[in-house]
Amino acid sequence: NYFAPIFSATLVNGQPQLMVQVPCEVKPAASVPVTVNVGAGSATVNVQVLAAAPGIFQIPYSDSAPRAVALRSDGSFVTLSNPARRGETVRVYVTGLGPTVPSVGTGQVDNPGADLIGADAQATGTVIVGMSGSGGVTVTSARLGANMIGVFEVAFIVPANAPQGNNIAFSVGVVPAGSSNAVNSVTSTIPIQ
């Protein structure tokens, strides 16, 4: 009963695929009907809607391998020639962390004047970053990205004992507000020096 903003319509392996924002008003449920209208035709399928379903945005690096979209503390992109450093605060971009406080509606960006940590829309759940070979990762913020719909910026400190290399595995998880179970992303990688 809600319109879902469409971000892209593409063919993937010859099959049509839509990327949409799940409307904020939709409550988690095992089966939610989704209707797609194209011209005079329409089709309805049932999909599961979760309270959260984190996904890390990735891009191909210079060696064509996909890795996380990440920024170093100086604002430069993490790359093979500009890896993240131990002890540094790194920001990665994810989707699917669930509702925010203050609430931001479907198809909306955070208040443009609130682009300061502490004054912007934060994830209501507890955000966790796990990194291969590290005992624990400190998350410093999990907020909506400036002027981005449904995209969160998760900042964390690269552990001093983090492994080094081009493909250090990590994931982002969230324990949705009111739950005790974490939902984790698929593993991604970043280079660390």
If two hydrophobic side chains count as joined below 4.5 Å and joins carry through other members, does [X] share a cluster with [Y]?
{"X": "Val151", "Y": "Phe77", "result": "yes"}
{"X": "Phe3", "Y": "Val26", "result": "no"}
{"X": "Leu71", "Y": "Tyr61", "result": "yes"}
{"X": "Val183", "Y": "Ile128", "result": "no"}
{"X": "Ile59", "Y": "Val78", "result": "yes"}

Closest non-hydrogen atom pair between [X] and [Y], with its separation:
{"X": "Cys24", "Y": "Gln21", "result": "SG-NE2, 4.3 Å"}
{"X": "Ala155", "Y": "Arg91", "result": "CB-CG, 3.8 Å"}
{"X": "Ser64", "Y": "Pro60", "result": "O-CB, 3.9 Å"}
{"X": "Pro83", "Y": "Pro191", "result": "CB-O, 3.6 Å"}
{"X": "Ala162", "Y": "Met131", "result": "CB-SD, 3.9 Å"}
{"X": "Thr100", "Y": "Thr124", "result": "C-CG2, 3.5 Å"}

*With sequence neighbours excluded, tell me which residues meet salt bridge (Lys or Arg N to Asp or Glu O under 4.0 Å) with Asp63.*
Arg67
*asked:* Could you walk me through whether Ser185 and Ser171 satisfy the side chain to side chain donor-acceptor pair (under 3.5 Å) test, starting with their C-alpha distance in whole Å, then the side-chain angles of each, then the deciding distance to 0.1 Å, before giving a yes or no?
replied: CA-CA 6 Å; Ser185 70; Ser171 65; 4.7 Å; no
I need the [X] [atom1] to [Y] [atom2] distance, nearest 0.5 Å.
{"X": "Asn82", "Y": "Arg72", "atom1": "CG", "atom2": "CZ", "answer": "4.5 Å"}
{"X": "Asn184", "Y": "Ile56", "atom1": "CG", "atom2": "CD1", "answer": "9.5 Å"}
{"X": "Ile190", "Y": "Thr79", "atom1": "CD1", "atom2": "OG1", "answer": "11.5 Å"}
{"X": "Thr189", "Y": "Gln58", "atom1": "OG1", "atom2": "CD", "answer": "6.5 Å"}
{"X": "Leu144", "Y": "Thr95", "atom1": "CG", "atom2": "OG1", "answer": "9.5 Å"}
{"X": "Gln193", "Y": "Leu80", "atom1": "CD", "atom2": "CG", "answer": "11.5 Å"}

Compare all side-chain heavy atoms of [X] with those of [Y] and state whether any distance is below 4.5 angstrom.
{"X": "Ile149", "Y": "Val109", "answer": "yes"}
{"X": "Val22", "Y": "Val32", "answer": "no"}
{"X": "Ser188", "Y": "Phe170", "answer": "yes"}

*Looking just at side-chain N and O atoms, do Thr106 and Glu25 make a donor-acceptor pair shorter than 3.5 Å?*
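Checked: Thr106/Glu25 side chains pair up, N/O donor to acceptor below 3.5 Å.
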*Take atom CE of Met19 as the centre, draw a 6.0 Å sphere, and report whether it contains more than 12 heavy atoms from other residues, nucleotides or ligands.*
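It does not: Met19 CE has 12 such atoms or fewer within range.
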*Going through the checks in order, is the side chain to side chain contact (heavy atoms under 4.5 Å, CB included) test met by Glu153 and Tyr93?*
CA-CA 5 Å; Glu153 180 183 85; Tyr93 293 87; 2.7 Å; yes
*Looking at Thr126, Val172, Ile157, Val129, which hits side-chain contact (heavy atoms from CB on, under 4.5 Å) with Val139?*
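The passing option is Val129.
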*Could you walk me through whether Val92 and Phe57 pass the side chain to side chain contact (heavy atoms under 4.5 Å, CB included) test, one step at a time?*
CA-CA 8 Å; Val92 295; Phe57 286 95; over 6 Å; no
*Could you check Thr89 against Phe156 for side chain to side chain contact (heavy atoms under 4.5 Å, CB included), going step by step and ending with a plain yes or no?*
CA-CA 5 Å; Thr89 299; Phe156 63 91; over 6 Å; no
*Mind checking who shares a hydrophobic cluster with Ile6, ILVMFWY linked at side-chain heavy-atom distances under 4.5 Å?*
Leu18, Val20, Val36, Val38
_side chain to side chain contact (heavy atoms under 4.5 Å, CB included), that's the test. Do Arg86 and Gln164 meet it? Break it down for me._
CA-CA 9 Å; Arg86 291 173 167 174; Gln164 294 178 301; 3.6 Å; yes
